[in-house]
Student: 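Pasting a structure here, questions to come.
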Amino acid sequence: MKRARRSFLKFAGGVAALATAAAAGLLRTAESWAASWNKAGFESKVPADALKSLGATNAIESRDIVITAPDIAENSALVPVAVTSRIPNTQQISIVAEKNPFPLAATFDMANGAEGYVRTDLKMGQTSDIWAVVKADGKFYVARTEVKITVGGCG
Amino acid sequence: MSDPMRIRATLQGDVADVRIIMMHPMETGNRRDAKGTVVPLHFIQSVVVTHNGKPVMDAQWSQAVSRNPRLFLRVKGAKAGERISVTWVDNKGDKRTDEAVIATS
Amino acid sequence: MRSVSLKWTMLGAAALTAAGCSSYPDQAATRENAERMVRQSFTAPSPDLLKRLEQDRSQRICSKLGDARLTQEEAAEVVKLARASMKYPSGKLAGDWKTGEKLAHDGAGDRIQRGALEKRKENGGLCQNCHALAPGEINVGNIGPALTGYGLQRGDSDAVAKLTYERIYNGWAYAPCSNMPRLGATGHLTPEQITHLVAYLIDPASPINTR
Amino acid sequence: MSAVRSGIAALLALCLAAPGAALAQGKPGIAIGRQMLAEDNPGELWIEQGKALFHQKRGPKNASLEQCDFGMGPGKLEGASARLPRYFSDTDQVQDLESRLLTCMVRLQGFNRDDVIRRAISPAGSNGSDMEALALYITSRSNGMKMSVALDHPKEKEMYKAGEYLFFRRSGQTDFGCVQCHGQPDKRIRLQDLVYMTGKGGTQEIAGTWPAYRGAHYVVRTMQWRLYDCFWQMRLPELAYASDASIALLTYLNYQGNGATIHVPGFKR
């Protein structure tokens, strides 16, 4: 209980800090998190719908986005993916695993000095292209790379 | 009850290399436990990272992010001793905040 | 006085070891010590499963340390024992390649964990663990030679079927003490299962032999 | 921390240089993934847990492990695991990290030996065991140091020799000893690289990277688990936790790994 309470207090402090940025229109307020979680996007079953939810339907292919991921992943539940955007004023990076049941995996909004870079790990259902969708100066760009998933074998 | 995150923030020039590891099951809602019961959907939906109180990253996640998730980012214009704070919220409304101080490399 | 002299003896032994007496302990002592460990360090749900740790004559010969090589006599003995172990199915030596393909990619069966034996209808063939199989398969091992195109090089004659069968049943008849398990002779696979693996390897229709 | 930066640089260089060529061989593409998985992996989460468990008063005797001697003196952890297994006069045994922890949990804290052993290897997908967290924490206190197992005591020498014997000992329905999979460089079971243990380079890899976060199990695994799991796969009976055979093999392997720089938690797929 003590731990939970402490977290809550810290969290409350964070909310105050966030409000400034929210006012500047950069980020959502903490209170509105659940509400503004991109439900439509995350529940999309095809990449096109996910892009639509991001407003990225007309994303242009870009060579200034580098996706770092293994060509062959040995563990489909842990596929490391890094996205580096060299596009000036990158403000958002989304990662889409094309053949996942719900392709949109994550969206990262950057502000206040965060560079156009993010790295995390994904679960992938099968061999598939991974898309990085970048928003910069209000425009959308996309790059993709294939990750092969090895399954089966026992042990 | 959630376990503390591990946050490492290291300065490289004026860029803080931030590496966050969270302990969370990130259940997809499809997995069955040893008894064959489906484990309900349970995943982090939002992660907010602040640098000295100013938000630098606001992440929205689906259940496709791996269990015990990692989030790495880089923040320009950082100095040693400044604070990095991370808060996550999951789909059950559980929250957790942890902090770290930026260290020199 | 007695205890003092005892201490000195022990110190002497320690000093000898430290001085780089590399032969300590000798082979026989090591063997005795290690075999005692084998008897004391393992558990199994039933005593017959503990017998899996006991070595047969060939396994003992094939457990040379480091780069030590087999003598000619030892190699000949392993080959002889292997020849004597061969058993054949009643029917044809080449069975159904589709069954064989499944078996080749099955690595399960007969393992012991948390006090229980992994019981299945039949054991997997384990091939995928160590051998490259059909062209384009990524998730394959490389401890053994690639089997890709096995039948393309050799054909599917009765002689090839017999050789292939024997190399799976007990490959030590051809390559004594090789890494290849004696899958038939040790009872891991049945003669019938091996005929399906033979078909998977030599049948012109098998994916192994895709050009 | 410059190591981190050069790691990133290497990663970027790899990624920029690699695109098409990687697939043909299959390997560079996997290598990028392995490096990415290993860096700041989730195993780190268990270090703090292990530290707390080490200092916490626990067990029937309500004692911490601060008086536990891992060979460098009571409670002294820096460099301790780099020297293990080693001979301990109070037990008159050669012990690896985990069997030594077991001794302390029983003698200092009053835990029941069988209970500790039963829980030592945690179920996959669980929060891990005390033993796993403690072994990781203690090993992490040797991070950056080199493995330097000595065979000074006659019993250490005996353990080493027995370990070598066991490494080459073939038995069971697969005719496997350790050497069948781990005796040559650049070998794999399916896609999983096998550590080449009769060669110096290979053993250095294991000696320095365990305990490790096992991605498929979502928990930290130790060398006792690694050995247990190998025997399972070989279709042999279950290797008893902290048994002599396990310590003998670890003495052989860690001695072979001398010179390896310790960097834990490692990451295994």
Side-chain angles (χ1 to χ4, degrees), chain A residues 1 3-4 6-18 20-22 26-28 30 33-34 36-38 41-43 75 77-80 82 84 92-97 100-125, chain B residues 1-4 14-22 26 28-31 43-78 83 85-99:
Chain A
M1 275 327 283
R3 200 198 256 169
R6 194 189 56 205
S7 307
F8 176 74
L9 287 175
K10 270 195 192 169
F11 180 69
V15 170
L18 282 173
T20 346
L26 290 171
L27 294 157
R28 296 164 292 132
W33 277 352
S36 66
W37 184 72
N38 182 5
F42 287 119
E43 290 180 358
N75 179 349
L78 253 172
V79 182
T84 307
Q92 183 189 76
I93 295 174
S94 294
I95 303 175
V96 175
N100 269 11
F102 303 103
L104 180 60
T107 294
F108 305 88
D109 286 311
M110 285 91 171
N112 295 319
E115 295 194 335
Y117 162 84
V118 73
R119 191 174 125 182
T120 190
D121 307 279
L122 300 184
K123 300 167 197 150
M124 287 179 67
Chain B
M1 281 291 267
S2 56
D3 287 289
D14 74 333
V15 175
D17 179 61
V18 181
R19 298 175 172 217
I20 307 155
I21 314 173
M22 306 158 221
M26 298 299 287
T28 59
N30 297 323
R31 195 177 68 86
F43 65 103
I44 294 175
Q45 284 188 309
S46 276
V47 187
V48 167
V49 184
T50 69
H51 167 222
N52 263 3
K54 281 195 292 185
V56 287
M57 181 174 278
D58 178 345
Q60 298 176 59
W61 285 358
S62 79
Q63 62 272 35
V65 173
S66 302
R67 181 172 181 145
N68 297 333
R70 298 188 289 180
L71 171 61
F72 294 8
L73 62 143
R74 297 195 192 115
V75 183
K76 209 170 158 54
R83 282 180 307 117
S85 169
V86 184
T87 300
W88 60 249
V89 181
D90 71 19
N91 66 321
K92 293 186 179 174
D94 289 336
K95 297 171 181 140
R96 176 162 192 105
T97 299
D98 289 288
E99 279 192 354

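Protein chains get the first letters and strands the later ones, always in sequence-line order, with residue 1 at the start of each. The model shown is predicted, which means the values in this text are computed figures rather than measured ones. For the numbers below, each heavy atom of this structure counts, side chains included, while hydrogens, waters and symmetry mates do not.
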Student: Starting at CD1 of A:Ile95, measure out to OG of B:Ser62 and round the result to the nearest 0.5 Å.
Tutor: 10.0 Å
Student: Side chain to side chain contact (heavy atoms under 4.5 Å, CB included) for B:Leu73 and A:Phe108? Distances and angles first, verdict last.
Tutor: CA-CA 10 Å; B:Leu73 62 143; A:Phe108 305 88; over 6 Å; no
Student: For the side chain of B:Lys76 and the backbone of A:Glu115, is there at least one donor-acceptor N/O pair under 3.5 Å apart?
Tutor: no
Student: Any chance you could lay out the side chain to side chain contact (heavy atoms under 4.5 Å, CB included) test for A:Asn112 and B:His51, step after step, and finish with the verdict?
Tutor: CA-CA 8 Å; A:Asn112 295 319; B:His51 167 222; over 6 Å; no
Student: What is the minimum heavy-atom distance between B:Val65 and A:Ala106, and which atoms define it?
Tutor: CG2-CB, 4.4 Å
Student: Where the side chain of B:Gln60 meets the backbone of A:Asn38, is there a donor-acceptor pair that is under 3.5 Å apart?
Tutor: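 It does hold such a pair.
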Student: Using the side chain to side chain donor-acceptor pair (under 3.5 Å) criterion, which residues pair with B:Asn91? Sequence neighbours excluded.
Tutor: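 With neighbours one apart ignored, the set is empty.
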Student: Mind ranking B:Val15, B:Asn68, B:Val18 by heavy-atom pairs under 4.5 Å with chain A and telling me who comes out on top?
Tutor: B:Val15
Student: Would you find a donor on one side and an acceptor on the other, under 3.5 Å apart, between the side chain of B:Lys54 and the backbone of A:Gly113?
Tutor: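 Absent.
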Student: So what's closer than 4.5 Å to chain B heavy atoms on A:Ala77: side chain, backbone, both or neither?
Tutor: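 It is the backbone, since no side chain atom gets that close.
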Student: Find the distance between CZ (A:Phe42) and CH2 (B:Trp61) and round it off to the nearest 0.5 Å.
Tutor: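 Result: 10.5 Å between the selected atoms.
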Student: Sub-3.5 Å donor-acceptor pair from the side chain of A:Thr120 to the main-chain atoms of B:Arg70, do we have one?
Tutor: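 Yes; judged by distance alone, with no hydrogens or angles, the pair exists.
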Student: Between CG of A:Asp121 and CZ of B:Arg67, what distance do you get to the nearest 0.5 Å?
Tutor: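 One gets 14.0 Å once the value is rounded to the nearest 0.5 Å.
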Student: A:Asn100 versus chain B, heavy atoms under 4.5 Å apart: side chain, backbone, both or neither?
Tutor: side chain
Student: Is chain B contacted by the side chain of A:Leu104, its backbone, both, or neither, given a heavy-atom distance below 4.5 Å?
Tutor: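 Just its backbone gets close to chain B.
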Student: Counting heavy-atom pairs under 4.5 Å with chain B, which one of A:Ser94, A:Gly116, A:Ala114 comes out on top?
Tutor: A:Ala114
Student: First locate atom CG of B:Asp17, then atom OH of A:Tyr117, and finally report the distance between them rounded to the nearest 0.5 Å.
Tutor: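 Going from the CG atom of B:Asp17 to the OH atom of A:Tyr117 covers 6.5 Å.
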